[in-house]
Chemist: 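Can you keep this structure in mind? I'll have questions shortly.
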Amino acid sequence: ARALLALPTLTEPEARRAFDTALKSLGESAGLTVQMERLVVTLKGTQAQPLALWLASVRQNAHLLPVEVRLKRNTLGSWDGVVVFVLPTS
């Protein structure tokens, strides 16, 4: 936690660029909807390991934590749901 607090604060455009870069790692299993400063990611058939790596990347590089998470494991063992982030205000 202290290491995260020591990181420099990102501006909204910087956080958004880092977020978009991280989101590409999920490929076709993720869709993005932007609602003002809210980034709503819809997941469909996302495997556990790429999902965990993506969440870690968003936390580390974009300095964002989810404010809302609704995930459900589907019958194939992958994940469907929604993850919401809020960009910092500049």
Chemist: Spell out, yes or no, whether Val82 and Leu32 are grouped together once hydrophobic residues are joined by side-chain heavy atoms under 4.5 Å, including indirect joins.
Modeler: no

Chemist: How long is the span from the CZ atom in Arg70 to the CG atom in Leu43, to the nearest 0.5 Å?
Modeler: 11.0 Å

Chemist: Would you give the length of the straight line joining atom CE of Met36 to atom OG1 of Thr89, rounded to the nearest 0.5 angstrom?
Modeler: 11.5 Å

Chemist: Check side chain to side chain donor-acceptor pair (under 3.5 Å) between Asp80 and all other residues, then give those that pass, not counting sequence neighbours.
Modeler: Asn74

Chemist: Do Leu10 and Leu65 sit in one hydrophobic cluster, given that two such residues count as connected whenever their side-chain heavy atoms are within less than 4.5 Å of each other, even indirectly?
Modeler: no

Chemist: When Val84 is tested against each of Val41, Val67, Leu39, Thr33 for side-chain contact (heavy atoms from CB on, under 4.5 Å), which residue passes?
Modeler: Val67

Chemist: Please give me the minimum heavy-atom distance between Glu12 and Pro88, naming the atom from each residue.
Modeler: CB-O, 3.3 Å

Chemist: I need the Trp79 CH2 to Leu51 CG distance, nearest 0.5 Å.
Modeler: 8.0 Å

Chemist: Thinking salt bridges, do Asp20 and Arg16 make one under a 4.0 Å N-O criterion?
Modeler: yes

Chemist: Measuring only between side-chain heavy atoms, which start at C-beta, is Asn61 closer than 4.5 Å to Thr21?
Modeler: no

Chemist: Can you tell me how far apart CZ (Arg17) and OG1 (Thr11) are? Round to the nearest 0.5 Å.
Modeler: 6.5 Å

Chemist: Output the distance between atom CG (Leu26) and atom OG (Ser57), rounded to the nearest 0.5 Å.
Modeler: 9.5 Å

Chemist: According to ring-ring contact (aromatic ring centres under 6.0 Å, His included), who are the partners of Phe19, at least two apart in sequence or on a separate chain?
Modeler: Phe85

Chemist: Among pairs that include at least one residue of residues 35-44, which meet salt bridge (Lys or Arg N to Asp or Glu O under 4.0 Å), considering only residues two or more places apart or in two chains?
Modeler: Arg38-Glu68

